[in-house]
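First up is the structure itself, then whatever we jot down about it.
FYI, the numbering just counts along the sequence from 1.
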Amino acid sequence: SGCDGEAKTVETDTGDFVLLKQESQVVTVMVTDAGSCPVANEQISAKINSAGKKRIKINPSSETTDENGAAAFTITAKKKTGSAKVTFKAGGIKKKITVTVVSE
């Protein structure tokens, strides 16, 4: 099928992962349409569940995809250990990952 430019899938290059306290990781989020073509200029919002806000921060909270359908978000662990759920949302499609913060 052809490229319609409508967000169909939202994927991350990491899946769930673990961070040490105060460590950061960049997560690239890709948006593709039904024809598996990258969707450019699609706004992706990133939200942390309320318990997770004590454990991680994310920057930016929203980003627009480039011509490759990708946008980068930096997730930084705070000092509190435990898990945080991050939901990336674009065009009504959601992708959830769990980030676990551990001490050394």
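Legend: side-chain hydrogen bond (donor to acceptor under 3.5 Å, both in side chains) pairs involving residues 56-75, not counting sequence neighbours, sorted by first then second residue: Gln43-Ser62. Sorted by first then second residue, the ring-ring contact (aromatic ring centres under 6.0 Å, His included) pairs that include residues 50-102, not counting sequence neighbours, are Phe73-Phe88. Pairs of residues two or more places apart, or lying in two chains, never qualify as ring-ring contact (aromatic ring centres under 6.0 Å, His included) while including a residue from residues 13-72. Pairs of residues two or more places apart, or lying in two chains, never qualify as salt bridge (Lys or Arg N to Asp or Glu O under 4.0 Å) while including a residue from residues 17-33. Applying the side-chain hydrogen bond (donor to acceptor under 3.5 Å, both in side chains) test to residues at least two apart or on different chains, the pairs with a partner in residues 87-104 are Lys85-Thr98.
Residues Pro60 and Ala72 come closest through the heavy atom pair CD-O, 3.7 Å. When every heavy atom of Gly52 is checked against every heavy atom of Ala84, the shortest pair comes out as CA-CB, 3.5 Å. Contact record, Gly91 with Ala7: CA-CB, 4.3 Å, taken as the closest heavy-atom pair. Between Ser24 and Thr76, the closest heavy-atom pair is OG-OG1, 2.8 Å. Nearest heavy atoms, Asp4 versus Ala34: OD1-N, 4.1 Å.
Looking at Val86 and Val27, their side chains never come closer than 4.5 Å, going by heavy atoms from C-beta outward. For the pair Val101 and Lys78, the minimum side-chain heavy-atom distance is 4.5 Å or more.
Taken from CG in Leu19 to CD1 in Ile56, the straight-line distance is 8.0 Å, to the nearest 0.5 Å. One distance of note links CD of Gln25 with CG of Asp13; it measures 7.5 Å at 0.5 Å rounding.
Using modelled atom types, no side-chain atom of Lys8 and backbone atom of Ile93 make a donor-acceptor pair closer than 3.5 Å.
Listed by chain and number, the hydrophobic cluster partners of Val18 are Leu20, Val102, where partners are ILVMFWY side chains within reach of under 4.5 Å, directly or through others.
In terms of hydrophobic clustering, with Ile, Leu, Val, Met, Phe, Trp and Tyr side chains grouped at heavy-atom distances under 4.5 Å, Met30 and Val39 are assigned to different clusters.
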